[in-house]
*Asks:* 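Sending over a structure as structure tokens; questions will come in a sec.
Since this is a predicted model, take the numbers as computed values, not measurements.
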Amino acid sequence: MSRSSKQPSMWAQTWGLIRPYFWESPQRFSALVLIGAVLGLSVFSSWWQARLVGWTGAKTNALQSKNSEQFYALLPDFFWLALVFIVALVMTFYLTEVLEIRWRRWFTRKLLARWFEHRAFYQLELMRNMPDQAAPDNPDQRIHEDVQKFVKMSCDLARGFTLSLAMLVSFGWVLVGVDDGADLHIGGQAINIPGFMLWVALLYCGAGTLVTYWLGKALKRMNFELQRREAHFRYHMARVRDNAEAIALDRAQEVEHFQLDNKLNALLESKYALVKRETRLTWFTNFFNNLSALFPYLVLAERYFGGHISMGTLAEVSMAFGIVQGALSWFISNFTTLAEWRASAQRLAELEAALQRTGDASELTHEAVDSHVAVEGLELRLPAGQVLLRDVAARINAGCNVLIGGPSGSGKSTLLRALSGIWPFAKGHVSLPGNVMFIPQQPYFPEGRLRDALAYPSRAENYSDAQLAEALELAGLPALQARLDDFEAWQSLLSGGERQRLAAARVLLKQPAWVIADEASSALDNASEARVYEALTQMAKRNGGAVISVAHRDSVRKYHDQVWQIEPQRHGLDLRPME
């Protein structure tokens, strides 16, 4: 999982996010039809709006000449012109929203699938401790918020750019058609410049675009930093919520408040810097846009007062100039949106690149067997590269319960992770029965019904109420038997000991032959520990397997037949019979 030294350009990364849906997904045909319909309706709307502008010129001339017959004759045309225009706008809006929903659903599902594939969600967290890896922060926020932003902004920007381009062509043609040009006097000779107002619009907006780019070029970087700090602030608050009891018992609320306040200050400093930069840009864009309303009148006033053009022509040219100017100013008007869009694209591209670096990268092979657990040539490393175990070979036969011992930090839990196949920094060979369950140090229980938390990750419907109640009884939780249908946040509602007993009940419900437990009784009293371990060892013996435990408590030793003692000094493992 090494990081490539050569990174693709930002635009290549952005195209890499867009292309899969429209060219490679099963929905590509309907997606292309939808985007084609949206862009086609945008072009049609701009062309139809040019007809409305022509109607406005004719109406203005009728009013100026006080020709009531011509004015009233034009009114029916307005209603059907406006009706068609409104229908086109509404259909464009609806189809754009449909496209956004479908694209977001496909994109989010794709990232979620890759996030869970090969347990990438776990590997991304491990990558944070690797010196040669750029682990993306807050992948959950990127999948949820950045996908929504990227999809919406991509559709809006594509539609807006196409509409601006179509308006430029349609109304540029209007300008050329109604403007007979201007005379430029050089050396006593008058040279007529056709489409003079179109050239004026091009020069005016070209200058505005250059100034806008100069004022706002830092916005993409600043938006990226702001989104990162927003995510960190949100993540820290979620950690406070998830660890509320520990923080309260430690009387650590002032520390957490201080840390959150610092993150809030950093967030707001970033926001303030962004606002200052956007304010500078807003000064210019507002001045530019307001001047645009007056600019064509300043240019055409002399020709109008000289009788060279009519009021209707002046109105038509002014409207067409405003629309052409708006089309040419697309970059100016959307610079802030483009900066946010590129920031979201970069965050998603980073996440996709990190997900591509995850996968089954370990050199550890696994073999499914029936009656034993074994490791051969096993080497375990930490994410930063330190070796925990080297060239270890050991075997556990059915009926032989094993306790894994060693100092804290020597790699006991990491050895269990390697046995389970989730630890990527390992090599060697592992033989493991298929009928095995692991009990982690911190068991997870989803919010919902107790029966779902007990059966997790299986479906609760696979077990009868009698089976669920019996498992709770064996684990020493008879008081919970009447609460199977209670909907609670069990992870925070239950005490540490209750969570460990519920994790044991989950195993006793599913009746595996082999159990691999990591500090499964560290929060239990002696009586509860004895009850749980007796139930687990009897189940394993009955089903033809064994129990493998990591534990520091001496009270657990009597339930095991052998010790695997990790020796950190020589990165090895000693097999000792239980004394």
Side-chain angles (χ1 to χ4, degrees), residues 7 9-11 13-14 17 134 136-142 144-161 164 201 203-238 240 256-295 322 325-351:
Q7 297 291 334
S9 68
M10 184 61 220
W11 294 112
Q13 290 178 338
T14 305
L17 298 173
D137 58 90
N138 303 288
D140 52 327
Q141 184 256 355
R142 298 186 189 219
H144 170 240
E145 187 173 325
D146 285 310
V147 166
Q148 187 269 339
K149 280 186 177 181
F150 178 76
V151 167
K152 180 170 180 56
M153 288 181 179
S154 295
C155 291
D156 289 346
L157 290 170
R159 183 182 62 182
F161 179 78
S164 296
L203 291 173
Y204 180 75
C205 295
T209 299
L210 290 175
V211 175
T212 300
Y213 176 76
W214 177 74
L215 289 174
K217 59 184 177 180
L219 287 179
K220 192 270 287 187
R221 172 183 54 80
M222 298 173 77
N223 271 287
F224 181 90
E225 181 63 19
L226 176 62
Q227 290 181 29
R228 187 182 70 84
R229 294 185 180 186
E230 292 271 14
H232 283 176
F233 182 67
R234 218 167 25 243
Y235 178 71
H236 196 114
M237 285 195 295
V240 171
E256 295 299 328
H257 188 184
F258 177 75
Q259 292 179 352
L260 274 170
D261 196 53
N262 284 342
K263 283 182 167 55
L264 177 62
N265 287 335
L267 184 162
L268 295 179
E269 285 174 8
S270 184
K271 178 65 175 178
Y272 185 62
L274 179 63
V275 166
K276 287 198 295 185
R277 182 56 65 104
E278 288 181 337
T279 300
R280 291 169 55 188
L281 185 61
T282 304
W283 273 107
F284 174 74
T285 54
N286 276 282
F287 175 80
F288 180 86
N289 290 329
N290 280 280
L291 181 60
S292 301
L294 179 63
F295 192 74
Q325 177 269 328
L328 289 170
S329 301
W330 179 86
F331 181 78
I332 298 173
S333 303
N334 290 278
F335 197 90
T336 301
T337 303
L338 281 166
E340 293 181 16
W341 175 69
R342 290 187 62 188
S344 291
Q346 183 175 347
R347 288 175 59 80
L348 289 172
E350 287 181 357
L351 177 61

*Asks:* For Arg159, check salt bridge (Lys or Arg N to Asp or Glu O under 4.0 Å) against everything at least two apart and list the hits.
*Replies:*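 Listed in chain order: Asp156.
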*Asks:* Output all residues satisfying side chain to side chain contact (heavy atoms under 4.5 Å, CB included) with Ala339, sequence neighbours left out; order by chain, then residue number.
*Replies:*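 Here the qualifying residues are Leu219, Lys220, Asn223.
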*Asks:* Mind checking what makes side chain to side chain contact (heavy atoms under 4.5 Å, CB included) contact with Glu225, not counting sequence neighbours?
*Replies:*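 Here the qualifying residues are Arg228, Arg229, Ser270.
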*Asks:* What's the separation between atom CG in Leu157 and atom CH2 in Trp341, rounded to the nearest 0.5 Å?
*Replies:*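 If I round to the nearest 0.5 Å, the distance is 6.5 Å.
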*Asks:* Run the side chain to side chain contact (heavy atoms under 4.5 Å, CB included) test against Gln141 and tell me which residues pass, sequence neighbours left out.
*Replies:*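 For Gln141, the residues satisfying side chain to side chain contact (heavy atoms under 4.5 Å, CB included) (neighbours in sequence not counted) are Asn138, Glu145, Asp146, Ala231, Arg234, Arg347.
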*Asks:* What residues form a ring pair (Phe, Tyr, Trp, His ring centres under 6.0 Å) with Tyr235, not counting sequence neighbours?
*Replies:*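 Scan of Tyr235 (ring pair (Phe, Tyr, Trp, His ring centres under 6.0 Å), adjacent residues dropped) gives none.
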*Asks:* Assess the residue pair Met237 and Leu260 against the criterion (side-chain contact (heavy atoms from CB on, under 4.5 Å)); give the C-alpha distance rounded to whole Å, side-chain angles, the decisive distance to 0.1 Å, and a yes or no.
*Replies:* CA-CA 7 Å; Met237 285 195 295; Leu260 274 170; 3.6 Å; yes
*Asks:* Please name all residues satisfying side chain to side chain contact (heavy atoms under 4.5 Å, CB included) with Leu268, sequence neighbours left out, ordered by chain then number.
*Replies:*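 Checked Leu268 against side chain to side chain contact (heavy atoms under 4.5 Å, CB included); matches are Leu264.
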*Asks:* Can you confirm whether Arg142 sits close enough to Glu350 that some side-chain heavy atom of one is under 4.5 Å from a side-chain heavy atom of the other?
*Replies:*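 In contact.
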*Asks:* For Phe161, look at atom CZ and say whether over 12 heavy atoms of other residues, nucleotides or ligands are found less than 6.0 Å away.
*Replies:*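 No, CZ of Phe161 has 12 or fewer neighbouring heavy atoms, counting only those of other groups under 6.0 Å.
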*Asks:* Give the minimum heavy-atom separation between Lys263 and Phe233, together with the two atoms involved.
*Replies:*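 The answer is CB-CD1, 4.0 Å.
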*Asks:* What is the distance from atom CE of Met222 to atom CZ of Arg277, rounded to the nearest 0.5 Å?
*Replies:*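 So the gap between those two atoms works out to 6.0 Å.
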*Asks:* Measuring from Glu269:CD to Leu226:CG, what's the distance to the nearest 0.5 Å?
*Replies:*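 Reported to 0.5 Å precision, the distance equals 12.0 Å.
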*Asks:* Are the side chain of Asp261 and the backbone of His257 linked by a donor-acceptor contact shorter than 3.5 Å?
*Replies:*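 Checked: no pair found.
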*Asks:* How far apart are the closest heavy atoms of Thr14 and Ala345, and which atoms are they?
*Replies:*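 For Thr14 and Ala345, the tightest heavy-atom pair comes out as OG1-CB, 3.7 Å.
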*Asks:* Within the structure provided, determine whether Glu230 and Leu267 are in side-chain contact (heavy-atom separation under 4.5 Å).
*Replies:*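 Glu230 reaches Leu267 side chain to side chain.
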